[in-house]
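Throughout, protein chains are lettered first and strands after them, A, B, ... in sequence-line order, and every chain is numbered starting at 1. The analysis underlying the following values was restricted to heavy atoms, covering all of them including side chains, and did not include hydrogens, waters or symmetry mates.
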There are 2 protein chains.
Amino acid sequence: MSNRSLNGPREDPAPANEPVTIGLVARAANVSRATVSRVMNGNTKVAPHLADRVRQAAQELGYEPSPVARSLALGRTGIVAMLVPDLGNPMFQGILHRLTEAAGDQNYRLLVADSNENLQEEPLLAIEARRRCDGLVLCAPRMPDEQLRELAPRLSPFVLINRELPESPAPTLTIDFSAGIRDILTHLLGLGHRRLAYLAGPDTSASNHARLETLRTSAGKEFDLVELPCGAAFADGHSVADQLVDIDVTAVIAYNDLVAFGVLSRLHELGISVPAQMSVVGFDDIEFVRYTTPPLTTVSVPLDQLGPQAWSRLWALMREVTVEPDVRFRPRLEVRGSTGPAPRD
Amino acid sequence: MSNRSLNGPREDPAPANEPVTIGLVARAANVSRATVSRVMNGNTKVAPHLADRVRQAAQELGYEPSPVARSLALGRTGIVAMLVPDLGNPMFQGILHRLTEAAGDQNYRLLVADSNENLQEEPLLAIEARRRCDGLVLCAPRMPDEQLRELAPRLSPFVLINRELPESPAPTLTIDFSAGIRDILTHLLGLGHRRLAYLAGPDTSASNHARLETLRTSAGKEFDLVELPCGAAFADGHSVADQLVDIDVTAVIAYNDLVAFGVLSRLHELGISVPAQMSVVGFDDIEFVRYTTPPLTTVSVPLDQLGPQAWSRLWALMREVTVEPDVRFRPRLEVRGSTGPAPRD
DNA sequence: TTGTAGGCGTTATCAC
DNA sequence: GTGATAACGCCTACAA
């Protein structure tokens with residue numbers, strides 16, 4: 001049993017542990033609460049000797065304004081929220097990192113909500129998160145357009161990340177997945193590959209649809225396409241890799257880097273050499289894939305920019321100033337060691 | 001320029017866009033605000049027909065209680081914070097993920113603060129984060145004992161993660177780094193390695209000290225130890241690997257998995273075969289290292305448990321009930337493919 | 001059961 | 001410049 005919550009011997013005999021509020025400081029400094037408030041915020045001018053008294057009293061009492069009370073009085077919390085579909089996905093790590101950083105520079109804090117891919121709860125979570133703060137960065141790639149649209153008014157101000165929403169009422173940051181796929185195709189076809197596999201992500205995923213559509217419309221003439229249901233995680237790639245050997249493809253396009261990494265691993269276990277026998281391509285360019293063996297050819301999505309760009313738009317929205325235009329990030333093909341000429345056979 | 005912030009044609013002609021508060025609902029339902037409050041919270045009994053009127057009014061007006069106002073009135077926010085030294089480190093991803101999940105089950109949200117390894121700001125950040133919510137999970141492995149100790153009263157209730165603090169006033173979850181190192185040594189010595197390198201992490205890192213100390217006290221009799229300053233990131237491992245070839249070691253112990261991964265990658269580039277020519281060991285067992293080539297031998301730290309365990313303690317603290325005892329997690333050696341018998345030479 | 005009224009800790013608008 | 005005083009939106013004794 002812990003005794004940590006027991007009170008030690010009382011040290012302050014007098015004030016019976018009165019919570020240290022602005023009123024207490026005011027009394028101690030013999031001024032009004034208004035004056036204490038002014039000193040703490042430094043906006044208005046107050047007489048130097050009074051200010052000193054206040055500061056000293058605050059110091060001695062260990063006073064600090066209550067953020068909650070300030071939030072209520074000011075009508076703003078100094079917090080923004082970000083909702084992600086799966087905190088476990090490394091993709092979000094960079095976004096969160098940079099978003100926290102950017103927001104922090106303006107003295108805003110970040111609340112993170114994780115819907116855990118639970119589409120039922122997502123709308124409520126978003127609303128709740130939003131209500132707790134001043135703005136929202138929403139990443140909900142699986143939410144139906146219609147639902148998102150009717151949700152929008154209750155989420156504003158917010159910025160939308162990593163998904164399309166035609167006629168979006170909110171600033172939107174997207175990634176041109178189609179362009180990325182086209183780059184990959186050009187690359188692989190140039191290497192002589194004519195029969196490709198696509199390891200599909202979750203079929204609720206908008207970005208998976210975008211990839212798939214581009215692939216399907218391109219397939220047929222120059223190359224054959226085999227679609228394999230897979231998923232979005234390491235383990236999915238790892239376990240799907242066995243199927244690859246049977247279907248006679250020379251190159252694999254994975255839904256994302258995690259999957260590609262799993263494939264790489266499994267192929268190695270199977271003794272299939274990459275890229276000599278099989279080329280593998282990822283998507284996202286999350287940090288560590290340049291260190292895989294061989295380093296993964298992938299499409300680099302500028303994840304690092306997503307955070308700051310989202311922040312600057314949200315910041316503009318909250319101040320009601322002009323918002324920068326939407327941007328659709330053009331991914332960049334990163335050719336590394338996991339792709340090579342198609343085996344002659 | 002975006003026209004998103006312009007108001008569309010006013011749709012509600014009557015109530016001049018009055019903010020929808022509890023008072024509005026009360027008027028609409030023709031009851032007192034107290035009654036609305038009671039209905040919304042469902043604690044007290046109110047007459048069914050009144051309750052219905054209230055619910056309907058709330059529904060129509062789109063009313064939802066303000067979390068900020070509730071927080072002020074109730075004296076609790078329903079938020080907990082976690083402070084991490086570097087959100088970019090994958091190690092925290094799992095912790096955050098699970099912590100968010102566990103807290104969410106109790107309807108608590110998570111605020112995340114990232115000190116970005118800035119030791120100056122860290123105390124203020126911790127205090128600020130804590131004040132915004134009901135409790136704190138603190139991960140500050142570089143903060144001096146003394147400072148943390150004097151900070152403690154202002155952070156309470158909080159739980160301490162991933163560091164030691166003798167006589168800690170807060171519940172503490174630590175990892176037995178020494179034991180992990182000892183396991184690694186036993187493993188490597190058993191494989192015949194007699195000359196090892198340690199790639200040191202940041203020298204402000206408490207966990208680095210723990211590892212180092214164990215290594216140093218063990219070294220000398222059975223094996224030689226070469227310490228190489230390195231760091232905590234992929235890139236650090238990658239760039240330090242070149243030095244390994246010159247110092248004639250047969251095995252490397254990396255500060256963490258990231259570093260080990262970087263080493264693996266560089267060794268492969270250099271044509272040095274792992275484990276035939278060099279064994280490599282990591283630390284942490286972050287998710288993807290089982291997929292490296294070869295899969296990384298590492299010490300598995302039960303990161304997944306850190307989040308939930310931290311939460312349950314914080315939860316207990318906040319409710320002022322008995323707190324579970326501290327736990328020092330015993331890491332488990334995961335022997336995979338990156339270690340093997342020392343080369344005969 | 002329901003309403004009245006006061007409080008949660010700040011900030012902001014007034015007079016002085 | 002400074003101090004009352006009224007918000008901010010909600011909750012909860014207490015009284016009816």
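Note on A:E64 versus B:R154: salt bridge recorded, some NZ/NE/NH1/NH2 to OD/OE distance being below 4.0 Å. Taking 4.0 Å as the cut-off between side-chain N and carboxylate O, A:R163 and A:D145 count as a salt-bridged pair.
Within residues 28-35 of chain B, the residues that place at least one heavy atom under 4.0 Å from DNA chain D are, in residue-number order, B:R33, B:A34. Applying a 4.0 Å cut-off to non-hydrogen atoms, none of the residues of residues 44-56 of chain B approaches DNA chain D.
Following rounding to the nearest Å, B:N43 (CG) and D:dT12 (P) show an atom-to-atom distance of 7 Å. Between the P atom of C:dG9 and the OH atom of A:Y63 lies a distance of 10 Å, rounded to the nearest Å. Computed from coordinates, the B:R38 CZ to C:dT2 P distance equals 8 Å when rounded to whole Å. Between the P atom of D:dG3 and the CZ atom of A:R27 lies a distance of 15 Å, rounded to the nearest Å. Rounded to whole Å, the distance from CG on B:L74 to P on C:dG9 is 13 Å. C:dT11 atom C1' lies 12 Å from atom CZ of A:R76, rounded to whole Å.
Looking only at distances, a side-chain donor or acceptor of B:T172 sits under 3.5 Å from a matching main-chain atom of B:A170. Using a distance-only test at 3.5 Å, with no hydrogens or angles considered, no donor-acceptor pair links the side chain of A:R98 to the main chain of A:L303. Here the side chain of A:R313 pairs a donor or acceptor atom with the backbone of A:P325 at under 3.5 angstrom. Here the side chain of B:D134 pairs no donor or acceptor atom with the backbone of B:V80 at under 3.5 angstrom. Panel note: side chain B:R132, backbone B:A81; no donor-acceptor pair is recorded below 3.5 Å.
Between the side chains of A:Q59 and A:R55, no donor-acceptor pair of N or O atoms lies under 3.5 Å.
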Please set out all donor-acceptor pairs under 3.5 angstrom arising from side-chain atoms of residues 39-49 of chain B, sequence neighbours excluded.
residue : atom : partner : partner atom : Å
B:N41   : OD1  : B:R70   : NH2          : 2.8
B:N41   : ND2  : B:S37   : O            : 2.9
B:N41   : ND2  : B:S37   : OG           : 3.4

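Using a 4.0 Å heavy-atom criterion, one finds that B:L72 contacts the bases of the nucleic acid, with or without backbone contacts as well.
Taking side-chain N and O atoms only, B:R70 has no distance below 4.0 Å to OP1 or OP2 of D:dC10.
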